[in-house]
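Data block below; observations after.
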Amino acid sequence: MPSHDNLLLEMKHITKRFPGVLALDKVKLELRYGEVHCLVGENGAGKSTLMKILAGAVPMDDGEIYIEGKKVEITSPFQAQQLGISMIYQEFNLIPYLSVAENIFLGREPKKGKTPFIDWKRMYKDAEDVLNLVGLKIDVRTPVVELSVAQQQMVEIAKALSIKAKIIVMDEPSATLTDHELKTLFDIIRTLRRQDLGIIYISHRLEELYEIGNRVTVMRDGQYIGTFEICDVTREDIIRMMVGRELTEEYPKVIFKRGPERLRVENLTRKGAFENISFSVHAGEIVGLTGLVGAGRTEVARAIFGADPLDKGKIYVDGSEVKIRSPQEAIYHGIGLLTEDRKNQGLVLSMTVRENTTLANLKRVTKWLFLNIPEEKRVSKKFVEELQIRTPSIEQIAQNLSGGNQQKVVLAKWLFTNSKILIFDEPTRGIDVGAKAEIFKLMNQLLERGVAILMISSELPEVLGMCDRILVMHEGRLAGELSREEATQEKIMQLATGYIKKNVA
Amino acid sequence: MWLKSWLKLIFSRTWVPLTITLILEFIAFEILGSLQGQPGFASLSTTILILNQLSIFGIMAVGMNLVIISGGIDLSIGSISAISGVISALVTVHLHIDSPIYILISYIAGVAIGLITGSIIGSLIAFIEIPPFIVTLAFMSLLRGLANIITAGKPISPLPENFLFLGRGQFLNTIPISIVIFILVFLWGYLVLNYTRLGRHIYAIGGNEVSAKLSGVPIRKTKLLVYIACSGLSALAGIILASRMGSGSPKVGIGDELAVIASVVIGGTSLSGGKGTIWGTLLGLCVVFTLNTGLNWIGVETFGQQVTLGLVILTAILVDKIQAKLKTSNE
């Protein structure tokens with residue numbers, strides 16, 4: 001039994017230069033046996049570069065890595081795997097149409113004796129064994145594509161265990177999980193911890209650190225800030241170290257005078273997704289739409305926006321009924337949708353900031369038959385200044401921006417269409433603490449201008465912090481509505497899990 | 001280190017390696033030609049010869065460029081050019097009057113066939129959502145067969161003198177009409193891609209169709225227009241070809257789609273869509289057709305030309321990879 005004082009992993013003086021930037025400056029990281037070590041920092045702090053070095057995906061310029069006291073050189077992902085390092089990325093590396101068992105043993109399939117043929121029986125048996133370790137009870141012959149996101153993550157963890165990983169790196173594992181699934185994940189992590197594995201846990205949700213972490217290492221701008229026992233630091237301490245300044249308010253809520261009704265929906269129904277959804281959103285207010293993942297929130301938003309067809313129901317904009325059969329019609333009626341998945345549904349990453357900004361309303365920069373490029377540049381520059389989008393120029397490709405700045409470009413796109421009703425779907429997912437507050441401040445500015453906001457979010461603190469009213473969905477139906485004053489995490493969860501039913505006013 | 005910065009300079013923009021290749025081609029064929037006692041490859045007359053050859057393919061390439069940037073592909077262009085040439089020739093022969101007005105009618109008939117086929121192809125792709133590869137593969141075979149049936153497999157000839165204007169006529173007695181048409185088509189493509197909503201929509205759809213749809217980009221209309229444009233331009237190219245050859249043959253244009261797609265891809269347009277420029281396509285065309293003409297010049301026959309074209313495509317893709325590598329190491 002290795003002593004808990006010995007280090008499982010030690011990374012020292014890790015330095016990495018990219019042309020023009022010092023991505024990592026003499027950073028260090030220690031991992032004990034049986035420890036969950038949290039790694040936090042804003043986007044661009046260098047967390048992922050450090051982990052890529054550990055995984056052998058990026059070579060370091062300087063520094064030393066010790067595993068179980070022995071100095072190692074990690075030059076390829078394969079070698080990292082051999083050393084017992086396993087990475088679980090946000091985007092899973094599973095092959096959708098292969099079965100769970102095939103995915104777990106990909107490239108290491110057990111053979112029948114010395115023949116080149118796969119020993120299927122043994123593979124299924126071994127896969128079941130390793131799935132039992134993570135407590136996932138599914139048929140190992142199921143294609144991965146049929147699994148939920150949480151189940152896929154379990155499969156990734158099972159895969160890591162099956163290669164006898166000693167060090168498991170989890171990059172934002174909770175980002176796509178519901179609260180219930182998160183509990184299961186934490187249970188598994190606790191089991192792994194008891195088996196003396198070391199886990200490096202990267203997350204933007206600081207409250208999770210207190211639930212699962214032993215120690216935390218904070219990074220900022222490629223620098224090592226410090227390592228602390230979780231019980232010794234407060235949430236505020238961590239945030240201050242991450243952003244390097246006092247963050248005045250995490251949720252800068254301003255209550256505006258409730259204006260006229262902008263959007264009202266009645267009995268929206270889409271078979272198999274949601275039923276009889278009715279609510280309204282007024283100018284100057286944020287209405288939260290929350291519930292467990294899969295409750296049908298995004299589906300409602302997509303239907304209002306015309307991206308999916310409705311089976312039944314009426315939509316009113318500024319008091320008059322409208323027919324919305326396509327995003328074009330929704331945009332015409334002043335509705336904008338900021339999708340949860342910015343990279344794949346919000347932006348065209350290969351296009352520039354300028355081109356993305358005007359994409360939803362090119363008519364406004366068209367003169368005669370042609371685009372007025374100087375005017376387009378002027379507009380785009382204006383938004384970059386107004387929203388403080390951090391980009392070297394408006395001709396930068398959207399792909400190269402950070403998550404928070406990408407979100408701002410999406411916002412600029414909808415502001416340019418003069419949207420009066422904005423639907424934010426998980427607006428802060430994958431965005432760091434500093435940029436989150438900026439996005440909320442921008443929401444306040446929008447409210448002041450008379451915009452109505454519908455905010456879909458799974459993050460209860462942000463729902464409670466920013467919304468004027470909160471709608472809770474459960475299995476495709478509205479389970480209830482809570483005012484800002486009466487809402488608590490417990491009440492929301494009770495509605496969201498179907499524990500109590502409340503009549504919608 | 002100096003090697004790397006040098007490489008970066010060369011590969012930083014698509015046009016740099018292409019222009020270098022083009023210059024090297026002229027120098028190489030000039031030298032090789034001189035050794036065979038046939039100097040003068042690098043001359044104005046050869047350049048016009050190359051441009052004259054290139055113009056017909058170039059007209060198709062402008063359309064193909066739009067299609068590929070939108071994330072699609074069109075394999076039917078060779079067959080469309082054949083059937084349009086055939087129809088155009090047939091109409092002329094049946095009208096039996098050699099006057100400009102009647103010739104114009106026959107030209108219009110040929111282009112109309114292209115536009116109609118383009119609408120059918122585009123509708124199948126945009127509304128029924130069949131993959132472009134399959135739709136256009138089917139039409140490649142279907143139209144070729146039809147062209148052969150209509151003509152019983154034999155070229156329609158002779159054609160009246162006026163019909164030959166597009167293919168053999170010269171503007172101000174110096175520049176072939178086909179080059180003038182190509183320049184106009186090229187300018188049209190340039191304007192569409194850079195200065196119209198349609199162009200922006202094409203880039204957006206090719207870059208990310210889901211985001212484009214959720215930004216209100218009219219996906220179906222854009223796709224439909226792109227395939228109509230490509231087919232229409234291919235028809236125009238087919239008519240010029242028939243006019244140049246003096247016959248409407250159902251056998252022309254076999255394999256043209258390859259040369260055209262190759263030129264577009266060599267010019268830096270990404271087969272996965274969203275990326276590409278009209279200038280790149282022009283350079284790609286120049287590289288490919290200078291090579292063809294040059295190989296003819298030094299006496300390398302068709303088979304050798306096919307091998308060389310294959311090598312050039314591979315090289316272009318390697319260059320693209322190197323560029324991508326250099327870009328990521330930049331970050």
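Residue numbering restarts at 1 for every chain, and letters A, B, ... go by the order of the sequence lines.
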Note: B:E129-B:K223 ion pair, threshold 4.0 Å (strictly below):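 Here B:E129 does not pair with B:K223 in a salt bridge, since their nearest N and O are not under 4.0 Å apart.
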Using a strict 4.0 Å threshold on nitrogen-to-oxygen distance, state whether A:R270 and A:E299 make a salt bridge.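 So A:R270 does not pair with A:E299 through a salt bridge.
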How about B:W279 and B:F186: are their ring centroids closer than 6.0 Å?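 When the ring centroids of B:W279 and B:F186 are compared, they turn out to be within the sub-6.0 Å range.
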Could you go step by step and tell me if A:Q345 and A:D341 meet the side-chain hydrogen bond (donor to acceptor under 3.5 Å, both in side chains) rule? CA-CA 6 Å; A:Q345 305 191 347; A:D341 184 347; 5.1 Å; no
By a 4.5 Å heavy-atom criterion (distance strictly below it), what part of [X] contacts chain B: side chain, backbone, both, or neither?
{"X": "A:E376", "value": "side chain"}
{"X": "A:T366", "value": "side chain"}
{"X": "A:F370", "value": "both"}
{"X": "A:I373", "value": "side chain"}

Distance check, rounded to the nearest 0.5 Å: B:L198 atom CG versus B:L225 atom CG?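 Taking CG in B:L198 and CG in B:L225, the distance rounds to 5.5 Å.
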Closest-packed option against chain A by number of heavy-atom pairs under 4.5 Å, given B:L191, B:V210, B:T196, B:I205: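 Winner by heavy-atom pair count: B:T196.
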Among A:L359, A:T358, A:I331, which residue forms the greatest number of heavy-atom pairs with chain B at distances under 4.5 Å?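 When all of A:L359, A:T358, A:I331 are compared, A:L359 has the most.
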